[in-house]
Amino acid sequence: ASMSQSSVVSFASLDAHTVVERVSMWLSPWNNDVRGGDQLPHSRWAFSTGGAWGSGPGWGDPAMIPAGHTDLVLPAIAEEWGFAGVAAILTLFVFLVHRAFQIARRAADEFGMFLAAGMGALIALEMLLISGGVLGAIPLSGVVSPFLSSGNTAMLSNFLIFAFILSVSNQERRPDAALKGAFGLPLRVAGLTLLAMALALAGKAAWVQIFSGDSYIARDALVYAEDGVKRPQHNPRLTSLAREIRRGSIYDRNGVLLATSSWDELEKNRPALEKFGVS
């Protein structure tokens, strides 16, 4: 009993520590004391790189984003497809949730109504949580994005949710007038509330990608690296671009080659270099 109790306490402490780190990263994304606390800067760098129309399919750098296939999959998409892609994803999810609420309002009984409305709200809240987290509106939650994140169990669960919703829509529609009158307004209010939250996040994405992207793309993040040393972290895309810049050769005042990236320059200066004992 004491062993199980200590395990529960340690698990609770671990969860509390994770929550504290997530909140610290949210409050101070560009300068925090969390080891590996550069997830939000990586998200902002990806969003700002995408801009309005994105870098193009296959031309992004999702491998540079930590957890780019799970928690931060939306920034990876935003980098390649831009704000246009983010708006398209938002529109598709609004359509799915709207259809779920429509099915709930037309359900044959209370059970079908609550089932369809609950499943639709679940999908909406999951997407809002992860989108708000990667945009810095709320702390990162670690919730997967429905139908976007890599994960077998999560993907199967999402399809199962919509299978339940489709089963409700497949029933004979005999909505009771009293039932529709009692729950019609709450369903409409819930749907409009979720829509307002989605539009607010869309505005946040537009602000990051279109209006203030230049202020984020070259900004450094001062966080603890994986080796435990706190140092400025640069946008890895800028470092990758810098490697592609062709460098010139450096000579001293006597015309002796000191440094070059060209093999032809080395061959041309081979006699002088060998004279100084350079292989």
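Because the structure is predicted, anything quoted here is derived from the model rather than measured.
Side chain of Ser240 to main chain of Arg237: no donor-acceptor pair is present (N/O by atom type, distance under 3.5 Å, no hydrogens or angles). In this structure, Asn269 contributes its side chain and Glu265 its backbone to a donor-acceptor pair below 3.5 Å. The main-chain N or O of Ala154 is found under 3.5 Å from a side-chain atom of Asn158 such that the two form a donor-acceptor pair. Between the side chain of Asp252 and the backbone N or O of Asn254, at least one donor-acceptor pair lies under 3.5 Å. A donor-acceptor pair under 3.5 Å is absent between the side-chain atoms of Glu79 and the main chain of Ser55, judged by distance alone.
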Could you walk me through whether Phe164 and Phe159 pass the ring-ring contact (aromatic ring centres under 6.0 Å, His included) check? CA-CA 9 Å; Phe164 287 145; Phe159 278 110; over 10 Å; no

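Two residues are said to be in side-chain contact when any heavy atoms from C-beta on lie closer than 4.5 Å; Trp45 and Ser43 fail this criterion. Residues Arg247 and Ile245 have side chains in contact (heavy-atom distance under 4.5 Å, counting atoms from C-beta outward). Looking only at side-chain heavy atoms (C-beta outward), Asn235 and Ile217 come within less than 4.5 Å of each other. Between Val168 and Phe111 there is no side-chain heavy-atom pair separated by less than 4.5 Å. Looking at Arg99 and Phe95, their side chains come closer than 4.5 Å, going by heavy atoms from C-beta outward.
To the nearest 0.5 Å, atoms OG (Ser131) and CG (Leu90) are separated by 8.0 Å.
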Could you pull out every donor-acceptor pair under 3.5 Å between side chains of residues 198-211 and any protein atom, sequence neighbours left out?
residue	atom	partner	partner atom	Å
Trp207	NE1	Ser212	OG	3.3
Gln209	NE2	Phe47	O	3.3
Gln209	NE2	Gly51	O	3.2

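Side-chain atoms of Asn31 and Lys230 include a donor-acceptor pair closer than 3.5 Å.
Cation-pi check for Arg35 over Tyr224 is not met; the charged atom does not lie both under 6.0 angstrom from the ring centroid and within 45 degrees of its normal.
For the pairing with Met127, the side chain to side chain contact (heavy atoms under 4.5 Å, CB included) check across Val97, Leu148, Leu96 returns one residue only, Leu148.
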